[in-house]
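Order of the sequence lines sets the chain letters (A, B, ...), proteins ahead of strands, with each chain counted from 1.
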Amino acid sequence: MAVRLNGFEMSEEIRKRRLEKLEALRASGVEPFGRKFGGIISIGDMRSREGKAGEKVRTAGRITAIRGHGKTAFMDIQDSSGKIQVYFKEEHLGAGSYALLEHLDIGDIIGVEGSLFTTRAGELTILVDEFSILSKALRPLPEKWHGLKDTELRFRRRYLDLISAKETLATFLVRSRIIKSMRRFLEERSFVEVETPMMQPIAGGAAARPFITHHQALGLDLYLRIAPELYLKRLLVGGMEKVYEINRNFRNEGISSRHNPEFTMLELYQAYADYEDMMELTEELIYALAQELGLGEKFTYDDKEINLARPWKRETFTRLFEKSTGVDIDDEKQVRQKAQELEVPTQGKAHYQLANDIFEAAVAPQLASPTFVLDFPRAISPLTRAKEDAPHLTERFELYLGTLEIANAYTELNDPLEQRERFLEQLKLVEDKEAGWVRELDEDFLLALEHGMPPAGGLGIGIDRLVMVLTGHTSIREVILFPLLRPPSDV
RNA sequence: GGGGGCGUAGCUCAGUCGGUAGAGCAACGGCCUUUUAAGCCGUGGGUCGCGCGUUCGAUUCGCGCCGCCCUCACCA
């Protein structure tokens, strides 16, 4: 559907009619954009108290349907908690007040006061004593039966989607509950919420391409952060032993049903802990969230059975890789050959990067029920402590759920000298030719480490993806209110 | 960036094997005092995503462009 935001839309005729009604209201001394309407109860509350005929109630909401019957009219009004029918009678309201109804439209927001009764058809209804016009709508609502179907319009005009599709509203209410519960869970365990810079002079903590911005007064180019990790670890150095941050990361990469350029992460660090503790914490947290949302232990996501029964499966990266491919992960020749078989692009890829790509292509799609994938190769885990008995591996896990990578965690590397070496290895590995930004060594972070960071476990959870699984959506755009879209063009 | 699909009234959708388009909802006028996807009678509303081309004639065919969706690629 073409969206012409720059030109005027074809609803000009409807808008003109509504402007005339607005003027008519003003002419009869009624302000069409009202003020505070206090003392109301929500429609949901009213419904849960159903049965008290004659009770006086006061509420407000948006008109979603009008059914006129000569000298009476029924309307449906809706707020975020539900919908209720209201009944206007000329006999009851008086001719003057009743006459104002002809200037009301579907989409207007009104406040009503009246008494509850039940119609013959058994519908709880408010017989209106008086009403106020709180906001006159100049544009029509989407079709009352089908609502907004066009995905582009749903994302661009999310407000209309929220009004006309209660499933959309429900998704975002659940998202809010998930984040709230997460905070409560962490507060109960004495984690402290912090906020660290989103504008950073060096984009560190992950490998993605950053967005670049500029500070005028300082004459300074800055990056929108790709991860908060290096700042949160500075806080560990500073003696904050349990910290977390829930906020946006920005990555200047492709967009897909699992990637939005800005996305929300929970990242947390716990001093004196390791990745085993992080596994425990992750499992408890996500299990608790699912139970709180009433999903039970078993549910279906994207036509796949998911079983949350604890304890969750733990399997090493190497074993999953070798079981699925039959290839020795440490044999670079075999890995490259396998990549070609699977048509995984090999160009410019180092040995273990390639192994990781193969893993994502061949193994990840099988991981529907929660699985902790353990012990990633050191070469692709520069911030992670190496395993004592196998120094080419690290104490790191990723949690897969619904075949999505939901969490990434490790035992943090706290040796500043080794950290420097690992950064240098990494810089060698990744030669980024993108104009305008260079991967840099974060000397300030290394300086902090040299003051001593306690051993710690760290965990990142992709909140958007977790919400996807817990609300049954397969596109990340369905769980982000305003996903990034190209601005519509008019030409 | 590659491949595939889609774009018709404010919204949801038909349709035109090339002769400038229809329905339902919404809107407008009328009737109707318990309806609820209210009903009945009547009316208006469209550069058929944008541009170029072929043609007597393009919403329809061709090419280019724009946007969205799916998919592949890119992606510590």
Side-chain angles (χ1 to χ4, degrees), chain A residues 1-5 7 9-18 20-21 64-76 83-85 87-92 98 102 105-107 117-123 125 127 138-157 160 164 204-209 226-227 229 251-259 343-345 347-350 352-353 356-357 360-361 376-384 394 396 408 422-423 425-427 429-430 432 434 439 474-475 477 483 485-491:
Chain A
M1 205 91 1
V3 183
R4 274 166 249 151
L5 292 176
E9 295 187 351
M10 291 311 144
S11 60
E12 279 310 303
E13 181 201 334
I14 292 172
R15 182 165 183 271
K16 195 177 290 172
R17 292 230 162 90
R18 292 191 172 203
E20 285 162 12
K21 291 181 181 178
T64 59
I66 298 177
R67 295 178 290 278
H69 288 266
K71 307 223 179 304
T72 69
F74 291 93
M75 297 188 192
D76 295 336
K83 198 178 261 197
I84 195 164
Q85 176 167 269
Y87 185 43
F88 299 85
K89 269 178 110 161
E90 184 180 54
E91 203 174 67
H92 188 75
Y98 189 84
E102 73 175 282
D105 287 297
I106 291 171
F117 75 104
T118 304
T119 64
R120 280 205 285 257
E123 181 82 22
T125 302
L127 173 64
L138 300 179
R139 305 270 182 183
L141 247 35
E143 212 260 355
K144 68 175 172 186
W145 192 241
H146 301 92
L148 266 196
K149 279 278 187 59
D150 188 272
T151 48
E152 184 177 352
L153 276 182
R154 287 182 44 239
F155 299 155
R156 289 194 196 281
R157 308 215 191 149
L160 294 179
S164 58
R209 179 187 308 152
I226 55 177
E229 172 152 359
R251 296 187 180 177
N252 203 344
E253 282 161 12
I255 296 176
S256 78
S257 56
R258 292 175 299 283
H259 302 265
E343 296 181 338
V344 171
Q347 204 187 343
K349 293 285 183 177
Y352 288 103
Q353 282 179 321
N356 198 37
D357 291 351
E360 280 175 25
F376 281 69
R378 166 191 160 119
I380 56 171
S381 312
L383 297 155
T384 312
T394 57
R396 170 180 168 191
N408 183 18
R422 298 275 212 99
F423 275 152
E425 278 172 32
Q426 207 60 29
L427 288 176
L429 200 68
V430 191
D432 207 293
E434 289 302 320
R439 261 176 232 282
T474 54
S475 168
R477 294 178 207 92
L485 299 180
R486 219 183 281 265
S489 76
D490 202 26
V491 189

Q: Partner lookup for B:G24, please. Criteria are Watson-Crick or G-U wobble with both distances under 3.5 angstrom; report none if nothing qualifies.
A: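 By the stated definition (distances under 3.5 Å), B:C11 pairs with B:G24.
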
Q: Taking only the side-chain heavy atoms of A:Arg396 (C-beta and beyond), determine which of B:A76, B:U35, B:A27 contains the nearest atom.
A: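 Closest nucleotide to the A:Arg396 side chain: B:A76.
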
Q: Which listed nucleotide (B:U35, B:C68, B:A27) is nearest to the side chain of A:Glu152?
A: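 The nucleotide sitting nearest to the side chain is B:C68.
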
Q: Where the side chain of A:Arg18 is defined as all heavy atoms beyond and including C-beta, which of B:U33, B:C69, B:A27 is the nearest nucleotide?
A: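 The closest nucleotide is B:A27.
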
Q: Just call it for A:Pro382: base, sugar-phosphate, or nothing, with non-hydrogen atoms closer than 4.0 Å on any strand.
A: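 Base contact.
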
Q: When both hydrogen-bonding distances must be under 3.5 Å and the geometry is Watson-Crick or G-U wobble, what is B:G67 paired with, if anything?
A: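 Checking every strand shown, B:G67 finds its partner in B:C6, with both distances under 3.5 Å.
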
Q: Rounded to whole angstrom units, what separation is found between the OH atom of A:Tyr87 and the P atom of B:U35?
A: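 Distance check: A:Tyr87 OH to B:U35 P gives 9 Å.
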
Q: Using a heavy-atom cut-off of under 4.0 Å over every strand shown, decide if A:Gly147 touches base, sugar-phosphate, or nothing.
A: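 If one applies the 4.0 Å heavy-atom cut-off, A:Gly147 turns out to touch the sugar-phosphate alone, with no base involved.
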
Q: Measuring to OP1 and OP2 of B:A27, would you say a side-chain N or O of A:Arg17 lies under 4.0 angstrom away?
A: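 No, because none of the side-chain N or O atoms of A:Arg17 sits under 4.0 Å from OP1 or OP2 of B:A27.
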
Q: Roughly, in whole Å, what's the span from NZ in A:Lys16 to P in B:A9?
A: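 Interatomic distance, NZ of A:Lys16 to P of B:A9: 19 Å.
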
Q: Is any side-chain N or O of A:Arg209 closer than 4.0 Å to OP1 or OP2 of B:C75?
A: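 Looking at the OP1 and OP2 atoms of B:C75, neither is under 4.0 Å from any side-chain N or O of A:Arg209.
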
Q: Taking the side chain of A:Ile106 as heavy atoms from C-beta outward, which of B:U35, B:G45, B:A27 is closest to it?
A: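 Ranking B:U35, B:G45, B:A27 by closest atom to the A:Ile106 side chain puts B:A27 first.
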
Q: From C-beta outward on A:Arg486, which listed nucleotide comes closest to its side chain: B:U33, B:G67, B:C11?
A: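 Selected nucleotide (nearest to the side chain): B:G67.
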
Q: Across all strands, who's sitting opposite B:C32 as a Watson-Crick or G-U wobble pair, both distances under 3.5 Å?
A: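 Its partner is none (no Watson-Crick or G-U wobble pair with both distances under 3.5 Å).
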
Q: State, with a plain yes or no, whether a side-chain heavy atom of A:Arg477 is found less than 4.5 Å away from one of A:Arg154.
A: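 The answer is no, as the side chains (C-beta and beyond) never meet within the 4.5 Å cut-off.
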
Q: When you measure from the side-chain N and O atoms of A:Lys21 to the phosphate of B:C28, is any distance below 4.0 Å, counting only OP1 and OP2?
A: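 Indeed, a polar side-chain atom of A:Lys21 lies that close.
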
Q: Classify the nucleic acid contact of A:Leu148 as base, sugar-phosphate or nothing, counting any heavy atom under 4.0 Å across all strands shown.
A: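 Sugar-phosphate: the residue A:Leu148, judged by heavy atoms under 4.0 Å, touches backbone atoms but no base.
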
Q: Select base, sugar-phosphate, or nothing to describe what A:Leu485 touches, counting heavy atoms under 4.0 Å on all strands.
A: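 Sugar-phosphate, no base atom in range.
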
Q: Of the candidate nucleotides B:A76, B:U71, B:U35, which contains the atom at the shortest distance from the side chain of A:Ser257?
A: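 The nucleotide sitting nearest to the side chain is B:U71.
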
Q: State whether A:Arg477 places a side-chain N or O below 4.0 Å from either non-bridging phosphate oxygen (OP1 or OP2) of B:C69.
A: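 Yes, A:Arg477 has a side-chain N/O under 4.0 Å of OP1/OP2 on B:C69.
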
Q: If you only use heavy atoms from C-beta on, which nucleotide in B:U33, B:A73, B:G44 is closest to the side chain of A:Glu13?
A: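 For A:Glu13, the side-chain atoms sit closest to B:G44.
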
Q: What contact category does A:Ser381 fall into here, base, sugar-phosphate, or nothing, at under 4.0 angstrom with non-hydrogen atoms?
A: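 It contacts nothing in the nucleic acid.
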
Q: Give A:Glu90 one of three labels, base, sugar-phosphate or nothing, depending on what nucleic acid heavy atoms sit under 4.0 Å from its own.
A: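 A:Glu90: no heavy atom of the nucleic acid under 4.0 Å.
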
Q: Nearest-Å distance, CZ (A:Arg156) to P (B:C11)?
A: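 For the pair A:Arg156 CZ and B:C11 P, the rounded distance is 13 Å.
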
Q: Calculate the interatomic distance between A:Arg15 atom CZ and B:A27 atom P; express it in whole Å.
A: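 Interatomic distance, CZ of A:Arg15 to P of B:A27: 17 Å.
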
